[in-house]
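Take a look at the structure set out below.
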Amino acid sequence: MKFALSTLSTAVMTITLISIVATTSARADDINESQNEMIAVNVTQIIDADNQNDTPNAFTALNQDITTQKVSARNIFSANNSSTSKSSINKASTKTTTTHIDSTSDTSKRQAALNTLIDPITHKSVENSYPLEVSSLLSLEQAQNILLQVSPKIAANQAAIAASEYQTDALKTIDHPLVFARVSANAYNLDADIDLSSLKNGIVTDINNGVGDIIPPIPDLPNFGELVGQRIPDNYELKRSGSTAGAGLGVVWPIYTAGRTAALTGVSNARTQEAVADSLLDENELYNTLIERYFKAQLAIIAAYLRDDAYDTLQQTDHMAQRLFEEGFISRVDRLEAQSALADAKSESVNANNDARLAMMALQRLLRTEYRIKPRTPLFVSSRPLPDVTYFQDLALTNHPGLQKVAAKRAQAQQLHALSDTGYKPTVMLYGYGQIEKDPSWVAGVSASWKLWGGLDKTASLASSNAKIRQADLSEIEVSDNLLLLVEKNWHDVNNAQSRYQALQSNVELAAEVLRLRRLGLQEGLNTPIEIAQAQTQSLKARTEQAQAAYSYVQSLAALMQSCGTPLAFNAYLNAADIRLPTLYDK
């Protein structure tokens with residue numbers, strides 16, 4: 001059986017063959033193998049893109065040799081491990097560079113290496129990044145670690161958290177003394193024509209009246225007002241120009257703000273907590289998406305493997321049907337039925353291989369590499385029962401980020417309530433200002449200000465904040481109820497998938513035994529090729545359904561862990577699983 005997945009880059013194409021080969025007699029000995037022992041042949045070879053045309057012939061020759069005897073995966077690998085293969089396999093271990101967005105905590109370690117790199121998917125430049133070496137063969141845990149480093153969503157969320165934290169730091173100094181300096185330099189030019197006639201007439205009149213009141217009338221006494229008036233012009237042209245400079249220092253210190261500063265800082269802190277909760281929600285969702293795509297790729301590869309296995313079986317059946325037809329043991333209709341079944345199997349095999357490529361590409365996009373990711377962690381099922389549902393419900397009420405977000409919303413509402421409560425309380429400030437000059441002048445004092453009327457209505461603001469607090473309390477009840485229901489649903493889904501997988505084992509064994517008997521019956525002339533094809537279809541269906549049940553178990557378990565707010569606890573159940581499907585990729 002052949003199963004090929006290829007990744008074509010600028011100069012290299014990876015072709016992976018996963019083969020299972022047995023003769024008719026050898027298959028009869030292997031039917032009663034346990035549910036975890038599907039034999040997988042893993043041959044990984046990297047060839048130059050220019051030599052692609054030579055590859056099918058080499059693989060065909062290998063397959064012809066294999067059909068004459070039953071060999072293990074290790075023997076097949078050794079048979080194909082020529083000097084050319086060794087050179088090519090060494091190329092396979094070469095790690096490729098991908099873009100990583102600066103999002104982890106070890107900033108000092110790579111501070112000097114940060115640079116602007118090109119994202120391999122969108123081909124956009126990303127600042128503050130560093131190259132990350134990623135192998136094409138990845139376990140789930142390795143993929144989880146890489147996901148944290150290459151996900152733009154996680155990096156964007158961490159930037160939002162950092163912005164909120166810096167905002168809080170900025171607000172912490174809002175009630176500290178504010179010291180400022182003032183420097184001024186001025187130039188002026190004054191050009192004015194001043195009318196003095198009114199002033200002159202007033203002065204003359206006042207002098208004459210004053211002299212008359214003090215000195216008795218004397219003949220030939222001069223008019224003192226006119227004498228003074230003659231010395232005062234009717235207008236005056238004023239022209240002045242020059243420059244001035246000055247400097248000073250001032251200080252303003254709000255010594256009492258009635259709790260406004262603490263309330264503003266508290267609101268900002270609560271917004272940071274909300275940003276952290278949102279980031280955890282997105283991170284948990286990404287973990288779940290990774291598990292979905294990772295094991296969907298595994299399921300698609302197994303499906304392609306099974307389709308190729310069915311195609312190989314029907315090839316042998318078709319060959320035998322041709323011999324029987326030539327010897328006159330079966331009719332032409334039986335021969336045509338065998339050919340039709342073989343054509344259908346080939347079409348299904350091609351479709352399954354294409355589905356596997358697509359599933360691997362989806363995983364590749366998530367991990368942002370330029371090459372296909374080959375999953376190494378197998379699908380699994382645990383035969384042991386899960387803990388009671390109340391255990392997972394308690395985990396959800398303690399760890400789920402949704403409840404943390406509701407708590408952050410309530411903290412914001414409480415701080416806004418405290419801010420609204422300061423509406424009519426005074427603000428007290430110390431202030432001072434001094435000129436820096438030869439003869440300095442200064443001013444200092446204390447001031448207090450109250451809002452008497454206007455601005456935001458305090459009563460309405462308090463009512464609004466109280467309503468927000470109540471909204472947060474009721475939202476917590478609703479979210480808790482929904483979480484408890486979601487956990488119970490996911491818990492039942494895991495148990496259902498577990499029992500489904502175990503129940504399908506008898507179907508797998510029955511279908512395999514029927515196929516074995518039908519093939520023996522064909523050799524004795526008791527069965528027709530179409531009966532072989534039908535038995536092969538039933539065997540394929542049973543094995544595929546069991547693999548799908550394992551996939552459902554994995555996805556339900558991942559959903560359960562996500563609903564508990566502990567997505568990485570999935571790895572503990574994976575490591576403890578006692579039923580594992582074959583790993584079709586290995587080192």
Under 4.5 Å between any side-chain heavy atoms of S347 and N351, yes or no? yes

Contact between N490 and V494 at the side-chain level, heavy atoms closer than 4.5 Å - yes or no? no

Please, which pairs that meet salt bridge (charged side-chain N to carboxylate O under 4.0 Å, His left out) have at least one residue in residues 481-491, sequence neighbours excluded? K489-D493

With a cut-off of 6.0 Å (strictly less than), are more than 12 heavy atoms of other residues, nucleotides or ligands near CD of E141? no

Please tell me if the side chains of L138 and L363 come closer than 4.5 Å, counting only heavy atoms from C-beta onward. no

Please list, chain by chain and in numerical order, all residues satisfying ring pair (Phe, Tyr, Trp, His ring centres under 6.0 Å) with Y573, sequence neighbours excluded. none

For N482, check side chain to side chain contact (heavy atoms under 4.5 Å, CB included) against everything at least two apart and list the hits. E478

Write down the atom of A550, the atom of L581, and the distance for their closest heavy-atom approach. CB-CD1, 3.9 Å

Start with the C-alpha gap between N353 and R307, add the side-chain angles, then the distance that decides, and say whether side chain to side chain contact (heavy atoms under 4.5 Å, CB included) holds. CA-CA 9 Å; N353 275 267; R307 289 291 180 183; 6.0 Å; no

The criterion is side chain to side chain donor-acceptor pair (under 3.5 Å); which residues satisfy it with E348, sequence neighbours excluded? none

If you look only at pairs with a residue in residues 278-287, which of them pass as a side-chain hydrogen bond (donor to acceptor under 3.5 Å, both in side chains), with sequence neighbours excluded? N157-D282, D278-K405, E285-Q562

Look up atom CH2 in W491 and atom SG in C564, then write down how far apart they are to the nearest 0.5 Å. 12.0 Å

Interatomic distance, L367 atom CG to Q144 atom CD [nearest 0.5 angstrom]: 10.5 Å

Pair M361-Q364, side chain to side chain contact (heavy atoms under 4.5 Å, CB included): steps then yes or no: CA-CA 5 Å; M361 186 173 295; Q364 169 191 345; 4.2 Å; yes

Contact check, side chains of I301 and M360, non-hydrogen atoms, under 4.5 Å: yes

Taking S151 for its side chain and L148 for its backbone only, find out whether a donor-acceptor pair lies under 3.5 Å. no

Can you list the steps and then say if T369 with V150 is a side chain to side chain contact (heavy atoms under 4.5 Å, CB included)? CA-CA 9 Å; T369 64; V150 302; over 6 Å; no

I'd like to check L281 versus H400 (side-chain heavy atoms, cut-off strictly below 4.5 Å). Are they in contact? yes

Nearest atoms (heavy-atom pairs only) where A549 meets L504: CB-CD1, 4.0 Å

For the atom pair CD1 (I579) and CG (L379), what is the distance rounded to the nearest 0.5 Å? 12.5 Å

Supply the atom-to-atom distance S480 OG to L403 CG, rounded to the nearest 0.5 angstrom. 4.5 Å

Show every salt bridge (charged side-chain N to carboxylate O under 4.0 Å, His left out) that has at least one partner inside residues 316-331, sequence neighbours left out. D318-R335

Taking side chain to side chain contact (heavy atoms under 4.5 Å, CB included) as the test, write out the residues that go with Q498, two or more places apart. V381, N495, Q502, Y553

How many angstroms lie between OG in S556 and OH in Y551, if you round to the nearest 0.5 Å? 10.0 Å

The criterion is side chain to side chain contact (heavy atoms under 4.5 Å, CB included); which residues satisfy it with L366, sequence neighbours excluded? L147, L286, T289, L290, R293

L336 backbone acceptor or donor facing S340 side chain under 3.5 Å: no

Would you say the ring centers of F570 and F380 fall short of 6.0 Å from each other? yes

Side chain to side chain contact (heavy atoms under 4.5 Å, CB included) partners of N399, counting only residues at least two apart: L395, T566

Which atom names give the shortest non-hydrogen contact between P582 and P378, and what distance separates them? O-CB, 4.2 Å

Report, one line per pair, each donor and acceptor closer than 3.5 Å where one atom sits in a side chain of residues 383-392; sequence neighbours left out.
| unit_1 | atom_1 | unit_2 | atom_2 | d |
| --- | --- | --- | --- | --- |
| S383 | OG | D578 | OD1 | 3.4 |
| S383 | OG | D578 | OD2 | 2.3 |
| R384 | NH2 | A576 | O | 2.1 |
| D388 | OD2 | T390 | N | 3.1 |
| D388 | OD2 | T390 | OG1 | 2.7 |

Got a second to check how far R518's CZ is from E513's CD, nearest 0.5 Å? 10.5 Å

Dump the intermediate steps for side chain to side chain donor-acceptor pair (under 3.5 Å) on Q538 and N507, then the final yes or no. CA-CA 9 Å; Q538 289 300 319; N507 291 359; over 6 Å; no

Contacts of K346 that satisfy salt bridge (charged side-chain N to carboxylate O under 4.0 Å, His left out) - sequence neighbours left out: none

What residues, two or more places apart in sequence or in another chain, satisfy side chain to side chain donor-acceptor pair (under 3.5 Å) together with S139? Q142

If every non-hydrogen atom of A356 is compared with every non-hydrogen atom of A304, which pair is closest and at what distance? CB-CB, 4.4 Å

Y294 side chain vs T377 backbone, donor-acceptor pair below 3.5 Å: yes

Sub-3.5 Å donor-acceptor pair from the side chain of S539 to the main-chain atoms of A535, do we have one? no

Between A542 and V508 the two heavy atoms that sit nearest each other are O-CG2, 3.6 Å

Which atoms form the tightest heavy-atom contact between A497 and S552, and what is the distance? CB-C, 3.9 Å

State, with a plain yes or no, whether a side-chain heavy atom of R543 is found less than 4.5 Å away from one of Y305. yes

Please step through side chain to side chain contact (heavy atoms under 4.5 Å, CB included) for the pair Q536 and R519, ending with a clear verdict. CA-CA 10 Å; Q536 177 65 53; R519 297 182 66 185; 5.9 Å; no

Trace of the side chain to side chain donor-acceptor pair (under 3.5 Å) decision for Q273 with Q404: CA-CA 8 Å; Q273 295 170 11; Q404 298 175 23; over 6 Å; no

